[in-house]
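Read the structure below first, then the notes.
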Amino acid sequence: MAVKTIEDLFIHELSDIYSAEKQLTKALPRLARAATAPELKQAFETHLEETQGQVERIDQIVEALGIRLKRIKCAAMEGLVEEGKEVIEEVDAGALRDAALIGGAQKVEHYEIASYGTLSAIAKQLGYKDALPLLQATLKEEKATDEKLTILADQVGNQRAAEKSKAA
């Protein structure tokens, strides 16, 4: 289906983020297992629960608007997930890997923030009153997760990695 109207764009973007969220639900358990800091493991586990709720919100939007999502694979998330796998394979377990995992997770959050911000703006323009609060709730969660990751980076990941580097 070609994107020819703003409605088409909304469906395309919603389909893309749906794929992204589904990919993330598969990647987050792997990230949690690879993290060494308990706080980081917990953050990944908590975000998995949130992500599952975000998928449910998209399902609610689809139902409320009576639309069908396109079967597409989000290439951006696929690349971000692949980067996470590379970190796990190439960086030894410990503080440095945790710092790298946090950085990768923030890339994911920034992608999601951009996606949900775009979807919210389009939904508002189209008058999708049932979809808008659901999209904005997810956008708020993504921003909160990004803030939590920043705190983790400052308190856990980057600080511990720097301390280990100085000691080496």
Side-chain angles (χ1 to χ4, degrees), residues 1-35 37-85 87-88 101-153 157:
M1 172 180 146
V3 175
K4 296 183 178 181
T5 66
I6 192 80
E7 292 87 357
D8 292 345
L9 181 60
F10 181 82
I11 292 169
H12 177 80
E13 293 296 321
L14 194 63
S15 300
D16 185 74
I17 197 64
Y18 188 79
S19 168
E21 298 290 18
K22 289 295 225 174
Q23 290 179 59
L24 195 53
T25 61
K26 293 177 183 160
L28 283 166
R30 185 180 322 111
L31 297 174
R33 286 190 302 272
E39 307 95 323
L40 183 56
K41 283 181 183 289
Q42 182 60 52
F44 286 137
E45 290 166 359
T46 299
H47 195 55
L48 175 59
E49 292 172 20
E50 283 181 353
T51 302
Q52 291 164 337
Q54 293 162 358
V55 169
E56 289 174 16
R57 281 194 200 115
I58 294 172
D59 290 335
Q60 290 173 3
I61 291 167
V62 167
E63 188 175 320
L65 297 177
I67 60 175
R68 286 183 58 126
L69 295 180
K70 292 192 269 176
R71 297 190 73 136
I72 59 175
K73 187 160 192 178
C74 177
M77 187 60 72
E78 187 175 29
L80 292 167
V81 167
E82 188 57 37
E83 281 186 23
K85 288 179 186 175
V87 165
I88 292 167
L101 290 173
I102 292 168
Q106 286 199 284
K107 289 179 186 180
V108 167
E109 292 310 310
H110 293 182
Y111 178 76
E112 290 177 311
I113 289 166
S115 295
Y116 284 107
T118 298
L119 281 162
S120 293
I122 295 171
K124 187 175 182 182
Q125 184 67 38
L126 291 170
Y128 290 167
K129 290 180 173 55
D130 293 336
L132 189 57
L134 297 168
L135 292 167
Q136 289 177 333
T138 298
L139 179 59
K140 185 177 178 182
E141 281 180 358
E142 300 297 6
K143 288 179 178 180
T145 298
D146 182 50
E147 289 176 26
K148 290 174 196 167
L149 287 166
T150 296
I151 292 166
L152 276 175

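The analysis underlying the following values was restricted to heavy atoms, covering all of them including side chains, and did not include hydrogens, waters or symmetry mates.
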Side chain to side chain contact (heavy atoms under 4.5 Å, CB included) between Val81 and Lys85, intermediate numbers included
CA-CA 6 Å; Val81 167; Lys85 288 179 186 175; 4.2 Å; yes
Correct closest heavy-atom pair for Arg30 and Lys26 would be NH2-O, 4.0 Å
CG (Asp16) and CE (Met77) are apart, to the nearest 0.5 Å, by 9.0 Å
When the side chains of residues 54-68 are checked against the rest of the protein, which donor-acceptor pairs come out under 3.5 Å, sequence neighbours left out?
| unit_1 | atom_1 | unit_2 | atom_2 | d |
| --- | --- | --- | --- | --- |
| Gln54 | NE2 | Glu141 | OE1 | 2.8 |
| Gln54 | NE2 | Glu142 | OE2 | 3.3 |
| Arg57 | NH1 | Thr138 | OG1 | 2.7 |
| Arg57 | NH1 | Glu141 | OE1 | 3.3 |
| Arg57 | NH2 | Glu141 | OE2 | 2.9 |
| Asp59 | OD1 | Tyr18 | OH | 3.4 |

Sequence neighbours excluded - salt bridge (charged side-chain N to carboxylate O under 4.0 Å, His left out) pairs with any residue from residues 102-112
Glu83-Lys107
Distance from Ile6 atom CD1 to Ile122 atom CD1, nearest 0.5 Å?
4.5 Å
Quick one: ring-ring contact (aromatic ring centres under 6.0 Å, His included) pairs with a partner in residues 44-73, sequence neighbours left out?
none
Sequence neighbours excluded, which residues qualify as side chain to side chain donor-acceptor pair (under 3.5 Å) partners of Ser19?
Gln23
If you compare all heavy atoms of Lys70 against all heavy atoms of Ser15, which two are closest, and at what distance to 0.1 Å?
N-OG, 2.7 Å
Would you check if the side chain of Asp8 reaches a backbone N or O of Thr5 as a donor-acceptor pair within less than 3.5 Å?
yes
Verdict with reasoning, Ile88 to Leu31, per side chain to side chain contact (heavy atoms under 4.5 Å, CB included)
CA-CA 8 Å; Ile88 292 167; Leu31 297 174; 4.1 Å; yes
Atom pairs and distances, donor-acceptor, side-chain atoms in residues 123-137, under 3.5 Å, two or more places apart:
none

Report, as yes or no, whether the 6.0 Å neighbourhood of atom NZ on Lys143 holds more than 12 heavy atoms from other residues, nucleotides or ligands.
no
To the nearest 0.5 Å, how far apart are CD in Gln52 and CG in Leu28?
9.0 Å
Partner residues of Gln106 under the side chain to side chain donor-acceptor pair (under 3.5 Å) criterion, sequence neighbours left out
Asp146, Thr150
Which atom names give the shortest non-hydrogen contact between Gly117 and Leu139, and what distance separates them?
N-CD1, 3.9 Å
To the nearest 0.5 Å, tell me how far Leu48 CG sits from Leu24 CG.
8.0 Å
